[in-house]
Amino acid sequence: MNPIKIETFTRFQFVSNPTFSPDGRLIAFVVQHADLKDNDYKGDLYLYHCDDGRVTRLTGAGDAKSYVWTAKGTLLFPADREKKKEKEDDDEIFTGYYEISPDGGEAVKAFEVPLKAKGMYRVDEDRYLITAAAELEKRVREKDKAYEVADEVPFWSNSEGFTNGIRNRLYLYRVSTGELTPVSEETADVSSYSVRGNRVLYKAYPWTDIRDQYDGIYLYDMDTGENRCLLEKDKRRTGMIGFWADGEAVVASAVDNHYGNGKYQDFYTMDLETGEMKLLAEYDYSSGQGSVGSDARLGSGRTVKAGDGICWFVTTRGDSAHVYSLSREGCLEGVVTDRGSCDSFDIRDGHVVVCGLYGDRLAELYLDGKQITFFNDMSQWQVCPRKEYSFTAKDGFSLTGWVMPPAGYEQGKKYPAILHIHGGPRTVFGTVFHHEMQMWANAGYFVFFTNPRGSDGFGTEFGDINGRYGTVDYENLMEFTDYVLDHEPDIDRERVGVTGGSYGGFMTNWIIGHTDRFKAAASQRSIANWISFEYMSDIGHTFTKDNQSVFACEDVDKLWFHSPIKYIAGCKTPTLFIHSDRDYRCNIAEGMEMFAALKVLGVDTRMLVVKGETHELSRSGKPRNRIVRMREILNWMDRYLKPEIAGKEEQ
């Protein structure tokens, strides 16, 4: 078997986004792979034939990463296949859509919309809903490439850069006439929508100056153009929405309580005439998407689907993401319950197709529980198994975690180890394949990881660490570390490192200021200072209070107490910091603060700044940039945990 190395992820095929054709005979899906030459990812459309189980490739240009089925059973996908210089105006914004038959042949340009489209949904044979980035009229008039103007908060977005004056708007496009009709108002950001007949139920937040959190809910009639507000913005927190009758919708929502925004959302019915909401079923888990961490997936897909009297949705329960159904009678039932991660799904005529990660396999498609695609032969790779441990922490909660012994493990021999901390904090580690952790194990490390307090999947009380960052969660992680070291005697206690990204980066920063038990650390896309984070992050002006219970203007000492930079004087751990210069979620300044402070204190430190990348570097960053990041981390750990090979560039 081949060892899993840093560059191994470039050999993987990433499956995503399965949907049934209108007649149910086919399942379309996307397969992507890394292209080191172009330093990008190529994607193409594939089909699964339900009658005989064949899998056929439909496109080959590498530019088909999303699609929709047309009413007549062909596929539309966005692509830029025309040279920009052929356009009259190089600054012209447009998205071209190409149509291809499932029988094959050349893709033909179907139409073009004057928008930077982000998503599309087929309404009927002639109409499509399109979400797109749209600039406010005032912003367009004042646009000058030489500078940016900020007159609202947030003024940038992690994935988009400077977004001052830009909204995610919903449009209705009619192919036969080329008519493009705005659905949402000009100042509104649209987050999600559901369609039934000629009506669109959508969530949006109209705003100028400052954007808060709670979307309003609106109902749009595509025939008459009537647009009604059913729930005013900022009235209550809502999540997934969907029609399940002509006059009724399901809405995930939470009302004010002592957990604040940490409370999971229950399910309500909404009367589409009055906007009245009635509690249907209590639910103490996330809904509408999964949160099982992995760096070995690409692409998206459906995570909510509403039908007549029923709604299916992805939910994280425990360390796994499942498909559940909710009926109008309030009955909740697991549809796909295998341990692992259902990333997306589709359901038709009682059949369910899932794109999921199960066991140590990469994402593949499963139809009614049976695997139907086999794009990745994991038997060729040295996949290290994991041991599962469970114990009761001092706070009374049960913790489950895993230990991955190194490849070629020999009992009685001492090995270094790495504690890996997930982001979020409302995400989870589970039993799915994780390339980076497998790479460390193949490089000779024990790897161990768990889900401390604050993680997703275990209920509101477990997940609530609002105002307690660095307390109960830190204690959980240290208890788990002690537990692992007691149960794995072949881990060298003097050669243990720690790393994590986002919340895991915050916790890494916190750890090095509170203990010197770790001999090396790698802090990634981290938070160092909650006071600066509140004003510099694209979500800081809301996330800070949601997670630390106060704003700086209310209690600056509280935020300072939970800021890792406060405790920097006690740090002795050699630490690598990694940030991306376009990460507007955890700004590069957060890492720079920590790096500069350690440097001044004389602690061994290093700062890697990856250009052009965002908060998503470790998961979907450009392939060569991901390789640089992983090499830096491995070299840093080798330097301090494997002194005998210090300076070696790569295994």
Side-chain angles (χ1 to χ4, degrees), residues 1-18 29-46 48 55-65 292-301 340-341 343-344 355-366 371-386 404 406-408 418 420 431-445 447 610 613 616-635 637-638 648-651:
M1 289 185 289
N2 300 309
I4 295 177
K5 297 184 177 182
I6 290 173
E7 71 278 5
T8 300
F9 79 96
T10 65
R11 304 274 300 276
F12 295 153
Q13 302 289 311
F14 301 103
V15 180
S16 67
N17 195 16
F29 58 100
V30 177
V31 180
Q32 297 188 63
H33 68 275
D35 186 312
L36 283 175
K37 180 180 178 182
D38 290 344
N39 199 23
D40 201 353
Y41 299 95
K42 307 298 186 184
D44 284 297
L45 301 181
Y46 284 73
Y48 174 80
V55 173
T56 56
R57 185 173 182 171
L58 195 57
T59 67
D63 59 355
K65 299 180 182 180
V292 181
S294 175
D295 61 350
R297 56 161 67 97
L298 277 175
S300 58
S341 179
D343 288 355
S344 59
C355 176
L357 290 90
Y358 298 102
D360 283 317
R361 300 183 295 278
L362 291 175
E364 299 283 358
L365 297 190
Y366 298 80
Q371 186 173 347
I372 59 172
T373 64
F374 301 86
F375 282 88
N376 297 280
D377 178 11
M378 302 308 293
S379 66
Q380 66 179 301
W381 303 108
Q382 178 63 61
V383 178
C384 296
R386 62 183 70 79
M404 192 181 295
I418 298 173
H420 193 195
T431 59
V432 304
F433 182 87
H434 197 291
H435 166 250
E436 187 170 44
M437 288 198 276
Q438 287 287 344
M439 181 268 292
W440 294 331
N442 272 258
Y445 288 89
V447 183
V610 185
E613 293 292 351
E616 306 307 311
L617 168 62
S618 66
R619 294 162 289 209
S620 58
K622 292 184 181 299
R624 292 203 294 266
N625 294 344
R626 291 176 66 177
I627 289 172
V628 168
R629 170 192 160 274
M630 285 188 278
R631 183 181 295 129
E632 284 279 339
I633 295 173
L634 183 57
N635 285 348
M637 294 298 178
D638 283 351
K648 190 174 182 180
E649 286 296 319
E650 185 178 1
Q651 291 293 307

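All residue numbers in this chain count up from 1 along the given sequence.
Looking at Trp440 and Ile633, their side chains come closer than 4.5 Å, going by heavy atoms from C-beta outward. The closest side-chain heavy-atom distance from Asp360 to Met378 is not below 4.5 Å. Side-chain atoms of Ser294 and Leu357, non-hydrogen and from C-beta on, do get closer than 4.5 Å to each other. At least one side-chain heavy atom of Glu436 sits less than 4.5 Å from a side-chain heavy atom of Arg629. Contact annotation: the side chain of Pro18 never approaches that of Tyr48 to less than 4.5 Å [non-hydrogen atoms, C-beta and beyond]. The closest side-chain heavy-atom distance from Asn39 to Lys37 is not below 4.5 Å. Side-chain contact check for Leu45 versus Phe29: every heavy-atom pair is 4.5 Å or farther apart. In this structure, Met630 and Phe9 have side chains that are in contact, with non-hydrogen atoms separated by less than 4.5 Å.
Under the ring pair (Phe, Tyr, Trp, His ring centres under 6.0 Å) criterion, His33 pairs with no residue at all, not counting sequence neighbours. Residues that satisfy the side-chain hydrogen bond (donor to acceptor under 3.5 Å, both in side chains) test with Glu632, not counting sequence neighbours, are Arg606. Not a single side-chain hydrogen bond (donor to acceptor under 3.5 Å, both in side chains) links His420 to another residue, sequence neighbours left out. Residues meeting the ring pair (Phe, Tyr, Trp, His ring centres under 6.0 Å) test with Tyr366, sequence neighbours left out: Tyr358. Contacts of Ser620 classified as side chain to side chain contact (heavy atoms under 4.5 Å, CB included), with partners at least two apart in sequence or in another chain: Leu298, Glu616. With sequence neighbours left out, Tyr445 forms a ring pair (Phe, Tyr, Trp, His ring centres under 6.0 Å) with no residue at all.
Here the side chain of Asp295 pairs no donor or acceptor atom with the backbone of Ser618 at under 3.5 angstrom. With hydrogens and angles ignored, the 3.5 Å screen pairs a side-chain donor or acceptor of Arg624 with a backbone N or O of Leu36. In this structure a side-chain-to-backbone donor-acceptor pair under 3.5 Å is present from Asn442 to Gln438. With hydrogens and angles ignored, the 3.5 Å screen pairs no side-chain donor or acceptor of Thr373 with any backbone N or O of Phe375.
Going from atom CD of Glu7 over to atom CE of Met439 covers 9.5 Å, rounded to the nearest 0.5 Å. Rounding to the nearest 0.5 Å places NE2 of His435 at 15.5 Å from CZ of Arg619. Here the CD1 atom belonging to Ile6 is positioned 8.0 Å from the CD1 atom belonging to Ile627, to the nearest 0.5 angstrom.
Val15 approaches Cys355 most closely through the heavy-atom pair O-SG, 3.2 Å. Contact record, Leu634 with Ala443: CD1-CB, 3.9 Å, taken as the closest heavy-atom pair. Ser341 approaches Arg297 most closely through the heavy-atom pair OG-NH2, 3.2 Å. The minimum heavy-atom distance linking Asp377 with Trp381 is given by the pair O-CD1, 3.8 Å. Nearest approach of Arg626 to Leu617, heavy atoms of both residues: CG-O, 3.2 Å. Taking each heavy atom of Arg57 and Tyr46 in turn, the nearest pair found is CD-OH, 3.3 Å.
In summary, of the residues considered (Asp40, Asp44, Asp38), a side-chain hydrogen bond (donor to acceptor under 3.5 Å, both in side chains) with Lys42 occurs for Asp38 alone.
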Residue pair Arg11, Lys5: steps toward the side chain to side chain contact (heavy atoms under 4.5 Å, CB included) verdict
CA-CA 11 Å; Arg11 304 274 300 276; Lys5 297 184 177 182; over 6 Å; no
Full working for side chain to side chain contact (heavy atoms under 4.5 Å, CB included) between Lys622 and Tyr41:
CA-CA 8 Å; Lys622 292 184 181 299; Tyr41 299 95; 5.8 Å; no
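Note that Arg361 lies outside the cation-pi zone of Phe433, set by a 6.0 Å cut-off to the ring centre and a 45° limit from the axis.
A donor atom on one side chain and an acceptor atom on the other are not found under 3.5 Å apart for Asn376 and Gln13.
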